[in-house]
Amino acid sequence: MNFMKTTAKKIFLASFFVFAALSAFSLPGVNADIPDASGEYVYYRDYSFNRESYVGFLYYDDSTYEARYFAPPTESLAEKNIDLLFTVDPSKDRLELTGERFVVPPQQDDIEIVNYIHDLIYELSARRGKAGQSVLVDWSKNKVDFMQAGKIVSDNYEQFGGPVQMIYDAAVPIFNLKKIVDYAGKDALAVVTIGAIENSKDSSFAEFLPPPKNQDGKSAKTVKNAQKEILKQRIEIGKSTALVQSVQADKNWSLSGQNVWTLGDSAIVSFQTLALPEESGLGSEKIAARLLRLFASSKKSAYCDWTLTSVHASGSEIKIATDTYNPKTKKFITDIKTLRAAAKNFYGCFSLAVYSQDYKANRGYFDKLAKSYSCKMER
């Protein structure tokens, strides 16, 4: 479980950076709710192709992007991978390509796909500009599935059959586009993951693979009954106040680090604290979008499956549940994060990460654990 501990620590350490140091960049002609940070990317499943296909876009800076087309191999077709860097003029009020260089050179029969990528870049950028400035989602009022939630814009898009509905969500980097639904109500283009590369050596964008349709064959482990026990963290704040976080667990859990407990090699939980900007809160739509970019985001080779993501929010709490898949280790992990207000601009965060098969076999146990989370100030 060491890799899970490392991931949890990196995520929470990064959380203080995200709200303070995001680069103020977005597409030319778009004043985005959440500016894109260098290294952020998005991948879409593109249903306009006859074979399973994915198109990804990565943001480097206000003038440099990367685009990749990927199609997994089939019984009759070889894998197809086209990767190109392109530059734009950030001074323009609309996107204008100024140059390109292929990272993975296309074959002669790939020219149509390259032209399609060019068209897609222009079209998605222009349509985002027409969608208006704000595409934030009020998760406290949302009543539909995660992938259906967003600002819906009716449009006409011949590439996807004519009349379409374009669903926008500020949590999605670059184009803020979550999905395109065609006239028949079927997905035409839909987000499969968002993420961020950490540095120039991070190849997770170029090596993205979709999760397999079936999970690994690891046998699920059943959690045995054990004596009840409360897992708790107490942080002294000043001379007379402390932030206390706790969950109602049992003696199956072992303390394995500061504020970190493990359930054998199946699960890990931890408590952290989070400071948000002045005059903000979990009820803020912008804060919720930033939290999604942080907690529902792929890291290195652990790809977050947006089709399995869910969000529940109120003014004082937000819960984000995700599933990730690592094609290198072939492991699926279910990750549930619950943030709750403790004081003005100061929040507690409970994190639960479980191998997905173990989570499904013991869902009632783990959901009850997460639901018992308590965060309060004590004197």
Side-chain angles (χ1 to χ4, degrees), residues 11 14-15 17-27 30-45 56-59 124-125 127-128 131-153 165-181 187 189-197 205 274 276-277 280-299 302-314 317-324 335-339 347 349:
I11 287 175
S15 65
F17 169 81
V18 167
F19 296 103
L22 279 174
S23 303
F25 294 124
S26 56
L27 288 169
V30 176
N31 187 9
D33 298 288
I34 306 297
D36 297 319
S38 180
E40 287 188 317
Y41 65 81
V42 57
Y43 265 98
Y44 297 94
R45 172 75 186 270
F57 301 94
L58 183 149
Y59 168 85
L124 297 187
S125 177
R127 292 168 192 271
R128 171 61 188 91
Q133 178 178 341
S134 181
V135 291
L136 290 166
V137 179
D138 186 346
W139 293 103
S140 66
K141 297 179 180 179
N142 178 60
K143 302 297 183 183
V144 299
D145 291 341
F146 177 75
M147 286 299 292
Q148 305 297 326
K151 181 177 182 178
I152 300 176
V153 177
Q165 286 191 329
M166 304 186 73
I167 303 177
Y168 292 95
D169 182 346
V172 182
I174 306 176
F175 302 109
N176 298 151
L177 179 67
K178 182 178 280 183
K179 68 160 59 178
I180 298 175
V181 180
D187 289 352
L189 188 78
V191 168
V192 290
T193 195
I194 70 169
I197 60 173
F205 175 78
L274 186 69
L276 301 184
S280 66
L282 296 179
S284 163
E285 298 168 7
K286 186 172 291 188
I287 291 299
R290 287 185 173 179
L291 287 172
L292 270 169
R293 284 210 190 183
L294 177 65
F295 294 135
S297 179
S298 302
K299 303 291 190 299
Y303 298 105
C304 177
D305 186 346
W306 263 44
T307 66
L308 299 177
T309 295
S310 65
V311 180
H312 300 281
S314 65
E317 179 180 288
I318 184 167
K319 178 180 177 182
I320 299 173
T322 63
D323 273 28
T324 62
D335 191 297
I336 301 173
K337 291 197 166 49
T338 306
L339 289 92
Y347 303 84
C349 180

*Between D33 and R290, is there a side-chain N and carboxylate O pair less than 4.0 Å apart?*
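Between R290 and D33 there is no salt bridge, as every charged N stays at least 4.0 Å from the carboxylate O atoms.
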
*D36 side chain to P173 backbone, donor-acceptor under 3.5 Å*: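 No, D36 side chain to P173 backbone: no donor-acceptor pair under 3.5 Å.
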
Do you know which two heavy atoms are closest between [X] and [Y], and how far apart they sit?
{"X": "R293", "Y": "V172", "value": "NH2-O, 3.4 Å"}
{"X": "A170", "Y": "L136", "value": "CB-CD2, 3.6 Å"}
{"X": "V137", "Y": "G150", "value": "CG2-CA, 3.7 Å"}

*Can you measure from CE (M166) to CG (L124) and round to the nearest 0.5 angstrom?*
6.0 Å

*If you round to the nearest 0.5 Å, how far is CG of D138 from CD of E285?*
4.5 Å

Any side-chain heavy atom of [X] within less than 4.5 Å of one from [Y]?
{"X": "Q148", "Y": "K179", "answer": "yes"}
{"X": "W306", "Y": "K178", "answer": "yes"}
{"X": "T324", "Y": "D305", "answer": "no"}

*List in chain and number order the residues that pass side-chain hydrogen bond (donor to acceptor under 3.5 Å, both in side chains) with K319, two or more places apart in sequence or in another chain; answer none if no residue qualifies.*
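So K319 forms no side-chain hydrogen bond (donor to acceptor under 3.5 Å, both in side chains) with any residue.
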
_Passing candidate, side chain to side chain contact (heavy atoms under 4.5 Å, CB included) with Y41, options F57, Y59, F205_ =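 Considering F57, Y59, F205, a side chain to side chain contact (heavy atoms under 4.5 Å, CB included) with Y41 is found only for F205.
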
